[in-house]
Number of protein chains: 2
Amino acid sequence: MNALTSRQQQILEFIRQHLELESMAPSLREIAAHFGFRSMTAAADHVRALQRKGVLETHPHRARSLRIARPWSPRRRQIVDIPLYGAIPAGFPDSRRQEAQGCISIDLENLSLHPGPRTFALEVKGDSMIGRHILDGDIVVLEHGLTPRNGDIVAALIDNESTLKTLVLERGKSWLRAENPRYPQLIPAAELVIQGVMIALLRRRRNS
Amino acid sequence: MNALTSRQQQILEFIRQHLELESMAPSLREIAAHFGFRSMTAAADHVRALQRKGVLETHPHRARSLRIARPWSPRRRQIVDIPLYGAIPAGFPDSRRQEAQGCISIDLENLSLHPGPRTFALEVKGDSMIGRHILDGDIVVLEHGLTPRNGDIVAALIDNESTLKTLVLERGKSWLRAENPRYPQLIPAAELVIQGVMIALLRRRRNS
DNA sequence: GGGTATACTGTTCATTTGAACAGTTTATGA
DNA sequence: TCATAAACTGTTCAAATGAACAGTATACCC
């Protein structure tokens with residue numbers, strides 16, 4: 001079932017090398033050309049067989065979409081750099097590395113999510129979220145554009161500063177519950193810019 | 001010369017993440033779609049600018065041939081797998097992956113530590129450490145053999161089970177303060193096996 | 001012998017895609 | 001004020017590409 005024929009291993013190896021060297025998958029015609037096939041259907045057949053055996057994955061109808069399936073992938077760690085901001089000034093984070101204070105890298109499997117360019121991190125300042133067990137200095141990973149659920153912790157823009165709040169869904173409306181006493185208990189969510197929904201939290205031992 | 005505009009950095013970041021997540025570059029139309037451009041020329045302009053500034057390379061006339069130029073290419077991060085245990089039965093964790101329930105991977109720079117074979121992780125069960133803002137389901141990263149400081153959270157072996165406690169240094173002696181009411185408030189540290197000192201905590205959004 | 005998998009040739013078609021052309025708008029510096 | 005760059009809209013074209021269809025030949029298993 002899983003046994004690859006010698007030819008299939010050659011094809012797989014070529015795809016693997018092409019991915020590594022050129023950082024893009026070969027097209028079917030390039031595979032055919034490399035092996036001297038006069039028809040690209042030969043390459044397509046092999047790719048289909050490798051897919052059937054589970055070692056290759058493709059995104060249908062997309063050019064150069066071949067990739068090695070996870071279990072056979074050489075421990076390809078899906079780790080994404082997430083920009084870490086002190087504060088997010090405007091409506092949506094820029095993902096500018098220069099402005100980011102740093103980067104955190106988290107393994108995807110742990111988060112069971114797919115960080116996109118809209119994932120970012122904030123360092124928590126103050127104890128305003130201590131009611132939700134988030135401490136000063138904690139790093140909060142957020143995703144912009146994620147649909148928040150009741151009770152989720154979100155970052156909202158207040159006074160040109162990113163502030164963490166709890167989202168409350170009540171009577172079909174969404175409110176933001178502030179743990180910070182400087183602001184009213186409930187704010188209609190529509191009045192504020194929701195910058196992101198918290199998807200993870202990272203706390204480090206104090207270095208002092 | 002090399003200064004990227006904020007928009008260009010966004011584009012670059014999107015390409016970088018697309019490359020990493022899908023192991024293929026986005027097409028110009030995908031870039032345009034992601035940023036809401038109604039014309040793909042906008043995306044093409046940005047890509048051209050990034051090429052001119054030397055951070056992107058392409059293979060002309062090839063689909064999805066974008067790649068990050070060498071100097072800006074993502075540096076290899078030092079990432080260490082830390083075994084995740086449900087509980088540590090014996091005096092010291094074996095670091096045997098077979099017995100681990102899973103692995104978490106964390107970037108070293110973030111933790112500013114040197115994970116060795118003595119670093120491990122535990123999933124917290126119950127709310128016994130809620131007084132220190134550690135919740136049920138949190139993952140605690142610990143290091144064995146680290147000299148604990150006053151107030152550090154440590155894992156101790158009680159009733160053949162790993163339990164988190166707060167270390168208290170008082171009158172030259174070390175005690176373990178249990179947050180769990182089933183055990184006395186203070187236990188002389190010498191009576192227990194300290195399995196590790198907490199160096200980090202990871203909390204994930206609930207999937208339910 | 002019949003069925004099936006492998007390993008191809010040869011061709012056509014519809015999409016995907018990069019590239020190019022012709023504009024507009026705004027900001028910035030000379 | 002002019003020049004330039006950035007950041008777009010809108011359109012067209014040709015090449016690159018995946019997918020499908022119709023075959024051929026060989027080997028292997030039941």
Side-chain angles (χ1 to χ4, degrees), chain A residues 1-15 18-19 22-69 90-96 98-99 117, chain B residues 1-15 18-19 22-69:
Chain A
M1 168 86 76
N2 181 23
L4 301 188
T5 68
S6 107
R7 200 55 158 163
Q8 285 167 359
Q9 281 176 39
Q10 287 176 32
I11 308 274
L12 178 62
E13 186 56 27
F14 172 69
I15 294 171
H18 203 284
L19 272 169
E22 316 245 17
S23 71
M24 70 189 194
S27 67
L28 292 179
R29 280 168 183 82
E30 282 170 350
I31 297 173
H34 181 265
F35 288 96
F37 303 156
R38 316 184 76 183
S39 164
M40 60 199 165
T41 307
D45 280 350
H46 281 120
V47 166
R48 250 190 298 272
L50 288 168
Q51 273 182 264
R52 182 163 41 78
K53 292 182 177 181
V55 295
L56 275 189
E57 287 174 352
T58 109
H59 219 125
H61 294 284
R62 288 180 143 189
R64 300 177 184 277
S65 65
L66 291 175
R67 59 179 159 180
I68 313 278
F92 175 64
D94 265 346
S95 290
R96 302 189 212 172
Q98 272 74 353
E99 292 195 359
Chain B
M1 167 89 73
N2 182 23
L4 301 188
T5 68
S6 122
R7 202 55 160 160
Q8 285 167 359
Q9 284 175 40
Q10 285 178 28
I11 308 274
L12 177 61
E13 184 60 23
F14 174 68
I15 294 170
H18 202 286
L19 273 168
E22 314 245 18
S23 69
M24 70 189 195
S27 67
L28 292 178
R29 280 167 183 82
E30 282 170 350
I31 297 174
H34 180 268
F35 288 95
F37 301 156
R38 316 185 74 183
S39 165
M40 61 202 165
T41 307
D45 279 350
H46 282 119
V47 166
R48 252 189 298 271
L50 289 168
Q51 274 182 266
R52 182 165 39 80
K53 293 182 178 181
V55 294
L56 275 189
E57 289 175 351
T58 100
H59 221 125
H61 294 284
R62 287 182 145 190
R64 299 176 183 279
S65 64
L66 293 175
R67 60 179 156 180
I68 315 274

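Bear in mind that the values here come from a model prediction, so they are computed numbers and not experimental data. Just so it is clear: chains get the letters A, B, ... in the order the sequence lines come, proteins before strands, and each one is counted from 1.
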Could you state the CG-P distance from B:Asp45 to C:dA22, rounded to the nearest angstrom? 15 Å

Rounded to the nearest Å, what distance is computed from the CZ atom of residue A:Arg29 to the C1' atom of nucleotide C:dT11? 11 Å

A:Arg48 side-chain N/O to C:dT6 phosphate OP1/OP2 under 4.0 Å: no

Relative to the ring of A:Phe14, is the ring of A:Phe35 parallel (under 30°), tilted (30 to 60°) or perpendicular (over 60°)? perpendicular

Check this one for me: any side-chain N or O of A:Thr5 less than 4.0 Å away from OP1 or OP2 of C:dA7? yes

Between C:dG18 atom C1' and B:Phe37 atom CZ, what is the distance in whole Å? 17 Å

Once rounded to the nearest 0.5 Å, what's the spacing between atom CG of B:Leu50 and atom CD of B:Gln9? 9.5 Å

By side-chain contact (heavy atoms from CB on, under 4.5 Å), A:Ala42 pairs with (sequence neighbours left out) A:Phe37

C:dA7, OP1 or OP2 - any side-chain N/O from A:His46 closer than 4.0 Å? yes

Would you call A:Met24 and B:Arg62 a side-chain contact if the rule is heavy atoms closer than 4.5 Å? yes

Any donor-acceptor pair under 3.5 Å between the side chain of B:Arg62 and the base of C:dG18? no

Under 4.0 angstrom, heavy atoms only, what part of the nucleic acid is B:Ala42 near: base, sugar-phosphate, or nothing? base

Closest nucleotide of DNA chain D for B:Ala49 versus for B:His61: which of these residues is on the 5' side? B:Ala49

Out of C:dT9, C:dT6, D:dT17, which nucleotide sits closest to the side chain of A:Gln8? C:dT6

So, is B:Lys53 near the phosphate of D:dA5, with a side-chain N or O under 4.0 Å from OP1 or OP2? no

Figure out the CE/C1' separation between A:Met24 and D:dT17, and round it to whole Å. 12 Å

Counting only heavy atoms not in A:Arg7, do more than 12 fall under 6.0 Å of its CZ? yes

For the pair made of CG in B:Leu4 and P in D:dA7, what is the distance, rounded to whole Å? 10 Å

So for B:Arg38 and D:dG10, does any side-chain atom that can act as donor or acceptor lie under 3.5 Å from a complementary atom in the base? no

Rounded interatomic separation in angstrom, taking CG from A:Leu50 and P from C:dA5: 16 Å

Rounded to whole Å, CG of B:Leu28 lies from P of D:dA7 at a distance of 16 Å

Using a cut-off of 4.0 Å on non-hydrogen atoms, how would the nucleic acid contact of B:Thr41 be classed: base, sugar-phosphate, or nothing? base

Heavy atoms only, 4.0 Å cut-off, all strands: where does A:Arg7 land among base, sugar-phosphate and nothing? sugar-phosphate

A:Met40 CE - D:dT17 P separation (whole Å): 11 Å

Would you say A:Arg52 places a side-chain N or O within less than 4.0 Å of OP1 or OP2 belonging to C:dT6? yes

State, yes or no, whether a side-chain contact exists between B:His59 and A:Glu22 at a heavy-atom distance under 4.5 Å. yes

Short side-chain N/O contact to C:dT16 OP1/OP2 from B:Arg64, under 4.0 Å: no

